[in-house]
Amino acid sequence: MRKLLFLLSLGFLFSLHFAFGQEMAMKKFSIKVQAPENNSKVFLIYRSFEGNELMVDSTLIKNNSFVFEGKTSGYCYGGLYIAKSLNEAKPFQAKHYGFFNFGYGETKLDWRNPKIIQVTGGDEMAKYQIASSALLDKRLAIFNSPAYRAQQQQADSLRAIADSLRADLDQQYGTKYEIIDDAHAEYIRKNPNTALSLHFIEAMIFQRQAPRWKVITPLFNMLSDSLKNTFRGKVIAGSMVNESLAPGAKYIDFGQPDKDGKIIKVSDFKGKYVLIDFWASWCGPCRAENPNLVKAYQAYKGKGFEIIGISLDDNRQKWLDAVAADGLTWPQVSDLNGIKNEAAMSYGVTSIPENYLISPEGIIIDKNLRGARLEQALQKYLKK
């Protein structure tokens, strides 16, 4: 009976979806694009706001331009991806990608700058832009008025006074979080062998913007070995280590297998500047940062610089596919234990991407270098 009801409900949903789909009027659209490069394949992946079906189309860029034509039931959210295949047509893997909205009629896009898509035409979108601009201009004009600016200055002045009073209150009476932590600390001292004590220490670390390590460290050291050796206990211990791994501290050596099973250690590259990079195939910000690492490695790998990538993956194939897709040619290792990666835990890694720049003498000289900061650090130390 349950199976019959399930099948009947599926039939009802299908007929409802079909009827709804029939009511939606399909109209033609045309997307004309000025492209950032020539002779490349480009994919259009889009979804209508009125429907839910994901549509995919592709074409070849010729004479620095291309056109997509089709039919849609209304406004759409789309993405353009320059890639060799549909599998690569996704953010962080496509050579260039960008997102935009479009509707019925002709929409013109200027994509000559691969980082920006400018919508310069389109019947439906033009109406939207004109209406939106007219409405917003009228409403936003108030923010440039003398009356608004005068009240804004008064509000800023009062806010500064309030901030000063709040700081005085915190100094005189302590903050709410400090009082909570002190109460929990009293419990921990009396009950060092309970799981609740471990939970309270977690809260002191991970629910505070500025953990009070001078209070936390001795409390953690009071806990029983059985609590310290739990996964959560090891994460806390790692966080304490992470706090101590500031520039000037000695690096922590470790060894993990590469794709061929060969154990690679940080100490294998003694005498070089080494960037220890923690990442994973499933980490979007990591994948977005990888092009910067590729650029840095190509520029400095022959000048006494090396990278060791430590993946927090638990799926070997996804790890290796990401290494290949992102063109990561430096040593890559993983114990495939995911977030329980032993090297990551020894460094107290609680979020990725995270990296450490190690000097030839084995001293941490900088950390969490991304984008332009990585380039600036390498220029400083390697004197390109």
Side-chain angles (χ1 to χ4, degrees), residues 92-93 238-239 241-242 245-247 249-260 262-316 318-360 362-382:
F92 315 124
Q93 293 190 22
S239 298
V241 172
N242 188 277
L245 290 176
K250 184 174 176 57
Y251 82 105
I252 300 172
D253 200 11
F254 60 83
Q256 290 201 353
D258 65 8
K259 64 182 180 65
D260 298 317
K262 179 184 177 182
I263 300 298
I264 294 179
K265 297 180 179 180
V266 182
S267 55
D268 293 339
F269 303 97
K270 186 177 180 180
K272 291 186 175 183
Y273 287 93
V274 180
L275 187 73
I276 303 174
D277 180 54
F278 295 96
W279 73 291
S281 67
W282 43 262
C283 169
C286 302
R287 304 293 296 277
E289 184 61 26
N290 278 342
N292 294 323
L293 294 178
V294 170
K295 180 181 177 182
Y297 192 63
Q298 291 174 345
Y300 295 98
K301 65 181 179 180
K303 304 177 185 294
F305 174 62
E306 190 56 81
I307 302 177
I308 300 178
I310 304 92
S311 168
L312 274 63
D313 276 283
D314 57 11
N315 184 301
R316 173 181 169 83
K318 288 183 179 180
W319 165 44
L320 297 181
D321 287 347
V323 169
D326 292 2
L328 312 183
T329 56
W330 50 87
Q332 293 287 338
V333 300
S334 180
D335 60 13
L336 296 177
N337 283 328
I339 61 173
K340 295 183 180 180
N341 181 285
E342 189 174 342
M345 293 187 71
S346 70
Y347 273 76
V349 174
T350 57
S351 64
I352 51 176
E354 183 165 310
N355 62 41
Y356 294 83
L357 183 61
I358 313 301
S359 74
I363 302 300
I364 297 172
I365 53 178
D366 216 330
K367 62 190 294 186
N368 291 329
L369 295 167
R370 291 192 268 280
R373 285 193 63 235
L374 174 60
E375 176 71 18
Q376 292 164 3
L378 295 178
Q379 285 182 352
K380 173 183 176 181
Y381 293 113
L382 295 172

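- When atom types are taken as modelled, the side chain of E289 and the backbone of G371 share a donor-acceptor pair closer than 3.5 angstrom.
- Side-chain contact between L275 and L374 is present, with heavy atoms from C-beta onward closer than 4.5 Å.
- E342 CD to F254 CZ: the interatomic distance, rounded to the nearest 0.5 Å, is 10.5 Å.
- Taking 4.5 Å as the limit, every side-chain heavy atom of Y297 sits out of range of all side-chain heavy atoms of L378.
- The CG atom of L245 sits 4.5 Å away from the CD1 atom of I364 when rounded to the nearest 0.5 Å.
- Not one N or O on the side chain of R370 forms a donor-acceptor pair closer than 3.5 Å with the backbone of N355.
- One distance of note links CD1 of I358 with NZ of K250; it measures 9.5 Å at 0.5 Å rounding.
- A donor-acceptor pair is defined here as one N or O able to donate and one able to accept, closer than 3.5 Å; such a pair exists between the side chain of N341 and the backbone of A343.
- Taken from CG in L320 to OG in S281, the straight-line distance is 9.5 Å, to the nearest 0.5 Å.
- Panel note: side chain N290, backbone D326; no donor-acceptor pair is recorded below 3.5 Å.
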Intermediate values then yes/no, side-chain contact (heavy atoms from CB on, under 4.5 Å), R287 and W279:
CA-CA 8 Å; R287 304 293 296 277; W279 73 291; 4.0 Å; yes

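- Annotation: side chain of L293 is in contact with side chain of W330 (closest heavy-atom distance under 4.5 Å).
- The main-chain N or O of N315 is never found under 3.5 Å from a side-chain atom of D313 such that the two would form a donor-acceptor pair.
- Note: F269 CZ to I264 CD1 = 5.5 Å, rounded to the nearest 0.5 Å.
- Taking each heavy atom of Q256 and V333 in turn, the nearest pair found is O-CG1, 3.5 Å.
- For the residue pair K259 and R316, the shortest heavy atom distance occurs at O-NH2, 2.9 Å.
- In this structure, Y347 and F278 have tilted ring planes: the angle between them lies in the 30° to 60° band.
- Taking NZ of K295 as the reference point, atom OH of Y300 lies at 9.0 Å (rounded to 0.5 Å).
- Using a 4.5 Å cut-off on side-chain heavy atoms (C-beta onward), I365 and P247 make no contact.
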